[in-house]
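What follows is a set of notes on a single structure, which appears directly below.
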There are 2 protein chains.
Amino acid sequence: MARSSTALHGQLLDSALRLFAQHGFRGTSLQTIASDAGCSKASLLYHFSSKEAILTELLTPVGREAAELDARLTDLDGTDAAVTAVTGFVDVALRFRRELKVLFDTLPESRPMAVSGIEGIDDRLVDALAGRSPDPRQRVAAYMALGGMFVTSAADLHVNEELLREEMIRSALRTLGRGSD
Amino acid sequence: MARSSTALHGQLLDSALRLFAQHGFRGTSLQTIASDAGCSKASLLYHFSSKEAILTELLTPVGREAAELDARLTDLDGTDAAVTAVTGFVDVALRFRRELKVLFDTLPESRPMAVSGIEGIDDRLVDALAGRSPDPRQRVAAYMALGGMFVTSAADLHVNEELLREEMIRSALRTLGRGSD
DNA sequence: GTGATCCCTGTCCGATCGGTCAGAACCGAC
DNA sequence: GTCGGTTCTGACCGATCGGACAGGGATCAC
């Protein structure tokens with residue numbers, strides 16, 4: 001027995017991500033994760049100090065990328081801000097589909113933020129998507145686009161990945177009234 | 001004590017809906033609901049045979065309306081189907097904002113369907129939103145529109161209700177490439 | 001009065017949860 | 001060999017979960 005430490009660690013993260021995405025954070029027990037990864041619950045808690053710690057480690061990468069996108073958006077406005085926000089979000093969302101699903105499932109509970117640096121990022125994203133416009137109609141459209149990208153990336157449409165990416169971006173821009181057509 | 005039976009029953013439904021929407025189904029215990037409604041857990045279980053029964057009673061109305069919309073869509077296609085699906089969905093979604101949030105939170109877990117008559121309604125909605133087109137791009141756009149409407153209705157934007165409704169419909173139609181502009 | 005019925009509750013139950021802990025099993029270094 | 005450190009586990013713990021159940025009051029008909 002005794003895999004090379006990091007091996008089981010990664011295996012546990014894999015199992016946890018899949019199970020969290022499928023049954024939610026609350027709906028997945030430590031025992032289930034451990035069994036899926038082929039070890040004991042006690043072994044899981046040797047690698048991770050708590051259930052929350054697993055979540056944090058899972059969501060840290062997407063948190064980092066989100067923060068980067070956030071930073072890129074700060075000094076943009078108008079169409080530039082909207083287009084950058086759309087393409088940036090779609091890219092991140094499609095790269096972290098299951099993570100985003102877990103994040104979405106976890107957000108409503110105002111738990112002590114498992115992933116740092118993304119507090120209020122949703123408001124800033126909506127602001128950028130709206131092209132910094134204070135028009136409430138633009139804000140609603142921005143929310144529609146954001147929600148659409150979120151849900152669509154989390155769902156698994158049986159569609160070619162590149163086509164999905166392109167059409168998500170085109171759709172979102174149409175939603176915002178900034179479509180080229 | 002001893003309220004008129006139906007009074008406590010309704011009070012419990014109120015509390016449950018609010019708490020389910022706020023903390024999720026799993027994240028809300030029977031004790032919490034009972035305390036919020038000002039009675040004992042045993043009393044709650046006198047009015048409802050189980051936790052699942054509360055969920056069913058909460059989601060039945062929105063299930064009925066969804067089924068009606070579903071029926072109205074069957075013999076429509078093209079722009080008619082898309083427009084009817086958008087306006088119908090927005091109307092239902094805004095009338096049952098918290099219920100929809102609970103439904104969304106509850107869906108991922110493949111629990112024995114608490115609300116009947118809506119199996120596979122999402123696929124049929126996407127089909128209608130896509131105007132019955134088999135084009136995968138239209139299907140992606142349909143999913144974007146559906147997700148946008150879903151999330152936007154569940155979120156609470158501080159926006160005038162009628163403006164919200166109008167702009168959600170306009171945004172969704174733009175997403176589908178059927179905007180008037 | 002005395003039942004019968006309805007509403008409500010205190011108390012208990014088994015299951016499951018996240019988490020702890022002492023120690024077994026394995027490892028390379030010596 | 002054996003020693004020290006790392007990896008892993010069975011057994012256990014307190015808390016909380018959804019739910020069962022017997023009985024206490026209140027209200028009615030008679």
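Protein chains get the first letters and strands the later ones, always in sequence-line order, with residue 1 at the start of each.
- The separation between A/Tyr46 atom OH and D/dA11 atom C1' is 20 Å, rounded to whole Å.
- Of the side-chain N and O atoms in B/Ser43, none sit less than 4.0 angstrom from OP1 or OP2 of C/dC7.
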| message | Pair A/Met168, B/Tyr143 - check side chain to side chain contact (heavy atoms under 4.5 Å, CB included), show working. | response | CA-CA 9 Å; A/Met168 280 181 68; B/Tyr143 226 98; over 6 Å; no
Any N/O pairs under 3.5 Å between the protein and nucleotides 18-22 of chain D? List them or say none.
residue: D/dG18; atom: OP1; partner: B/Lys51; partner atom: NZ; Å: 2.7
residue: D/dG18; atom: OP2; partner: B/Leu30; partner atom: N; Å: 2.9
residue: D/dG18; atom: N7; partner: B/Lys41; partner atom: NZ; Å: 3.2
residue: D/dG19; atom: OP2; partner: B/Lys51; partner atom: N; Å: 2.7
residue: D/dG19; atom: N7; partner: B/Lys41; partner atom: NZ; Å: 3.3
residue: D/dG19; atom: O6; partner: B/Lys41; partner atom: NZ; Å: 2.7

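- C/dC8 atom C1' lies 12 Å from atom CG of B/Leu12, rounded to whole Å.
- For B/Asp122, the side-chain contact (heavy atoms from CB on, under 4.5 Å) criterion is met by no residue, not counting sequence neighbours.
- Remark: A/Arg139 pairs with B/Val159 by the side-chain contact (heavy atoms from CB on, under 4.5 Å) rule, at least two apart or across chains.
- What separates CD1 of B/Ile33 from P of D/dC17 is a distance of 11 Å, to the nearest Å.
- The side-chain contact (heavy atoms from CB on, under 4.5 Å) test applied to A/Ala42 returns A/Ser40, not counting sequence neighbours.
- With rounding to whole Å, A/His9 atom NE2 is found 12 Å from D/dC8 atom P.
- The side-chain contact (heavy atoms from CB on, under 4.5 Å) test applied to B/Asp91 returns B/Arg165, not counting sequence neighbours.
- Taking the ring-ring contact (aromatic ring centres under 6.0 Å, His included) definition, one finds that A/Phe48 meets it with A/His9, sequence neighbours left out.
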